[in-house]
J.: 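Below is the structure I would like to discuss, written out as structure tokens.
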Amino acid sequence: MPDVQSKPITFSASDGWPLAGDLFIGPAPRIAVMISAGTGFPRRFYRHMASYLANQGAIVLTYDYRGIGDSVNGSLKGSSIELPDWGRHDMTAGIETLERAAPGLPITHIGHSVGGHFLGLMPNHHKIARNAFLAVSSGYFGHHALRNRPLELFFWWGLGSYSLMRHGYIKPVGGWRGEALPPRVFKTWRKWSHRQKYFLPDLGADMAPQHYESVRSPIRSWVFSDDPIATPKANEVLLEAYPNAPKSLTVTSPQDLNVKRIGHEGAFKPECAPLWSEVYDWLSEATVPGEARAQPNLQKTPATA
């Protein structure tokens, strides 16, 4: 898109870890948007949506979590990176970086999959005016589509266990199509995904300090009818982590967007651009936190093309 400027940046997480990102700057920006990735997705996967949003009138930050893409910073074998580090340190720094790049603009957030899990670990979550969750849900396999459960169990106990033993981390081979994963990230993800309440039992201990009950920025969650992972039930369980945030749910089908498939990652592909317009329109209603009125809690809205 000719009116959009993009530039690579580096910034430090709140504990000093170097992170790689990209800023997309469009004409006459009205809002700022941080896009937080799903597990194993590099920031480049979101570049098409980021360019679209910038062209509509946004400053957009995409970034790689530590241990992912250009934020690996050393060998993953024996890495001490923990899954909550992505929220507590990386997402926190992303908001500060975006705020400096877009002074005075409302800060909004798009979370894909695990990108919606960790608002409550961010001490600066109050700076976010609105959250758009796309395919965000609990990872508990029992709340996923029945057809997907054998594949998930194979990943957890077959492919994943072998990769840890053979390589010391999760290598992108044998069916895992994402980026390489640090070993502790995988083990924590596996532990949570075998519990009906996912990470909720850890909020009082392993994930402390945390601020989930303090999150009050509105969350609009989009799930997709052909997504075997982010089912409405799995989404419902995850949103229980945010008891005081206004929430709404939109269920969208491939037919609504005139595409053959959306699944767990398709919402960020160019053919799903009609969805991007819907997301932008909702985010663009954001005001600087403290000026917005609270919205009704947990209402379902119909899908729109």
J.: Provide the closest heavy-atom pair for Leu23 versus Leu98 in the form atom of the first, atom of the second, distance.
T.: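 For Leu23 and Leu98, the tightest heavy-atom pair comes out as CD2-CD1, 4.4 Å.
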
J.: Does any part of the side chain of Asp22, heavy atoms only, come nearer than 4.5 Å to the side chain of Ser6, both counted from C-beta?
T.: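 In short, these two side chains do not touch, never coming nearer than 4.5 Å.
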
J.: Regarding Asp15 and Arg88, does a basic nitrogen lie under 4.0 Å from an acidic carboxylate oxygen?
T.: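 Judged by the 4.0 Å cut-off on N to carboxylate O distance, Asp15 and Arg88 do not form a salt bridge.
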
J.: Check the pair His143, Tyr198 against ring-ring contact (aromatic ring centres under 6.0 Å, His included), reporting the backbone distance first and the verdict last.
T.: CA-CA 10 Å; His143 290 153; Tyr198 198 50; over 10 Å; no

J.: Using side chain to side chain contact (heavy atoms under 4.5 Å, CB included), reason through Glu99 and Lys127 one step at a time and then give a plain yes or no.
T.: CA-CA 9 Å; Glu99 186 178 47; Lys127 293 186 175 183; 2.9 Å; yes

J.: Rounded to the nearest 0.5 Å, what separates atom OG1 in Thr108 from atom CD1 in Ile95?
T.: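 Thr108 atom OG1 to Ile95 atom CD1 measures 8.5 Å (nearest 0.5 Å).
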
J.: Is there a side-chain contact between Ser193 and Tyr140, using heavy atoms and a 4.5 Å cut-off?
T.: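 No; the side chains remain at least 4.5 Å from each other.
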
J.: Measure the shortest side-chain to side-chain distance between Leu238 and Val136 over non-hydrogen atoms and say whether it is less than 4.5 angstrom.
T.: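 Side-chain contact under 4.5 Å: yes.
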
J.: With under 30° as parallel and over 60° as perpendicular, where do the rings of Tyr162 and His167 fit, or are they tilted in between?
T.: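 If you compare the ring of Tyr162 with that of His167, the planes turn out perpendicular.
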
J.: Evaluate the ring-ring contact (aromatic ring centres under 6.0 Å, His included) criterion for residues Tyr52 and Phe268: first the C-alpha distance (whole Å), next the side-chain angles of each, then the deciding distance (0.1 Å), finally the verdict.
T.: CA-CA 11 Å; Tyr52 173 90; Phe268 297 93; over 10 Å; no

J.: Do Ser113 and His264 have side chains that approach each other closer than 4.5 Å (heavy atoms only, starting at C-beta)?
T.: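 SC-SC contact between Ser113 and His264 confirmed.
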
J.: Which pair of non-hydrogen atoms, one from Leu134 and one from Met49, has the smallest distance, and what is that distance?
T.: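 Answer, listing the atom of Leu134 first, then Met49: CD2-CE, 4.3 Å.
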
J.: Is there a side-chain contact between Asn235 and Leu239 in this structure, where contact means two heavy atoms from C-beta onward sitting under 4.5 Å apart?
T.: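 Contact flag for Asn235/Leu239 side chains = yes.
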
J.: If you round to the nearest 0.5 Å, how far is CG of Leu119 from OG of Ser217?
T.: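 The OG atom of Ser217 sits 6.0 Å away from the CG atom of Leu119.
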
J.: For residues Asp281 and Gln56, determine if any side-chain heavy atom of one lies less than 4.5 Å from a side-chain heavy atom of the other.
T.: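 They are not in contact (no side-chain heavy atoms under 4.5 Å apart), so the answer is no.
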
J.: For Asp202 and Arg195: C-alpha separation, side-chain torsions, deciding distance, then whether salt bridge (Lys or Arg N to Asp or Glu O under 4.0 Å) applies.
T.: CA-CA 11 Å; Asp202 287 349; Arg195 302 191 306 201; 3.1 Å; yes

J.: If you compare all heavy atoms of Pro183 against all heavy atoms of Gly78, which two are closest, and at what distance to 0.1 Å?
T.: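 Heavy atoms of Pro183 and Gly78 come nearest at CG-N, 4.2 Å.
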
J.: Within the 4.5 Å heavy-atom criterion, are Arg220 and Thr250 side-chain neighbours or not?
T.: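 Yes, at least one pair of side-chain atoms sits under 4.5 Å.
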
J.: Do Phe41 and Val173 belong to the same hydrophobic cluster, where Ile, Leu, Val, Met, Phe, Trp and Tyr are linked whenever their side-chain heavy atoms lie under 4.5 Å apart, directly or via other members?
T.: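 No, Phe41 does not connect to Val173 through the hydrophobic network.
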
J.: Decide yes or no on side chain to side chain contact (heavy atoms under 4.5 Å, CB included) for Tyr280 and Val33, but give the supporting numbers first.
T.: CA-CA 9 Å; Tyr280 176 81; Val33 184; 5.8 Å; no

J.: Between Leu121 and Pro209, what is the shortest heavy-atom contact and its length?
T.: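 Smallest heavy-atom distance, with atoms named: CD2-O, 4.1 Å.
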
J.: Can you confirm if the NZ or CZ of Arg66 lies within 45° of the ring axis of Trp86 and under 6.0 Å from the centre of its six-membered ring?
T.: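 Not flagged: Arg66 not positioned over aromatic ring of Trp86.
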
J.: More than 12 non-hydrogen atoms from neighbouring residues, nucleotides or ligands closer than 6.0 Å to CZ on Arg30, yes or no?
T.: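 Atom CZ in Arg30 is not crowded, with 12 or fewer foreign heavy atoms closer than 6.0 Å.
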
J.: Which pairs, with at least one residue in residues 168-182 and sequence neighbours excluded, count as a side-chain hydrogen bond (donor to acceptor under 3.5 Å, both in side chains)?
T.: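 Found Arg44-Glu179.
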
J.: Side-chain heavy atoms under 4.5 angstrom apart, residues restricted to Ile, Leu, Val, Met, Phe, Trp, Tyr: same cluster for Val237 and Val215?
T.: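 No, it is not one cluster - the side chains of Val237 and Val215 are not joined through contacts under 4.5 Å.
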
J.: Among the clusters formed by ILVMFWY side chains lying less than 4.5 Å apart, do Trp17 and Leu61 turn up in the same one?
T.: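 As far as the 4.5 Å side-chain criterion goes, Leu61 and Trp17 are connected within one cluster.
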
J.: Is Phe155 linked to Leu151 within one hydrophobic cluster, defined over Ile, Leu, Val, Met, Phe, Trp and Tyr using a side-chain heavy-atom separation of less than 4.5 Å?
T.: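 In one cluster with Phe155: Leu151, no.
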
J.: Could you grab the distance from atom CE of Met91 to atom CD of Glu96, nearest 0.5 Å is fine?
T.: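 With rounding to 0.5 Å, CE (Met91) is 13.0 Å from CD (Glu96).
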
J.: After noting the C-alpha distance and the side-chain angles of Asp227 and Val223, does the key distance pass the side chain to side chain contact (heavy atoms under 4.5 Å, CB included) rule?
T.: CA-CA 7 Å; Asp227 184 347; Val223 299; over 6 Å; no

J.: Show your reasoning for whether salt bridge (Lys or Arg N to Asp or Glu O under 4.0 Å) applies to Lys260 and Glu271.
T.: CA-CA 10 Å; Lys260 292 182 178 180; Glu271 56 265 31; over 6 Å; no

J.: Run the side chain to side chain contact (heavy atoms under 4.5 Å, CB included) check on Ile110 and Ser36 step by step: do they pass?
T.: CA-CA 6 Å; Ile110 295 174; Ser36 295; over 6 Å; no

J.: Over 60° means perpendicular and under 30° means parallel, so tell me whether Tyr46 and His112 are parallel, tilted or perpendicular.
T.: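 Geometry flag for His112 against Tyr46: perpendicular rings.
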
J.: For the CD atom on Glu213, are there more than 12 heavy atoms of other groups (residues, nucleotides or ligands in this structure) within a distance under 6.0 Å?
T.: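 No.
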
J.: What is the ring orientation for His211 with His125, classed by angle as parallel under 30°, tilted 30 to 60°, or perpendicular over 60°?
T.: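 Plane angle between 30° and 60°, so tilted.
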
J.: Got Ile35 and Tyr63 here, is their nearest side-chain heavy-atom distance under 4.5 Å?
T.: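 Answer no - side chains too far apart.
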
J.: Would Arg184 and Asp85 pass as an ion pair if we require N to O under 4.0 Å?
T.: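 Asp85 and Arg184: not salt-bridged.
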
J.: Let me see the working for Phe141 and His194 under ring-ring contact (aromatic ring centres under 6.0 Å, His included), right down to the final yes or no.
T.: CA-CA 7 Å; Phe141 74 92; His194 284 67; 5.4 Å; yes

J.: If hydrophobic clusters are built by linking Ile, Leu, Val, Met, Phe, Trp and Tyr wherever their side-chain heavy atoms come under 4.5 Å apart, do Leu76 and Leu83 end up in the same one?
T.: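 No: no chain of side-chain contacts under 4.5 Å links Leu76 to Leu83.
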
J.: Given side-chain hydrogen bond (donor to acceptor under 3.5 Å, both in side chains), test Arg190 with Ser161 step by step and report yes or no.
T.: CA-CA 10 Å; Arg190 179 171 65 183; Ser161 295; 3.2 Å; yes

J.: Please report the closest heavy-atom contact between Cys272 and Ile262, naming both atoms and the distance.
T.: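 Closest pair (atom of Cys272, atom of Ile262, distance): SG-CG1, 4.3 Å.
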
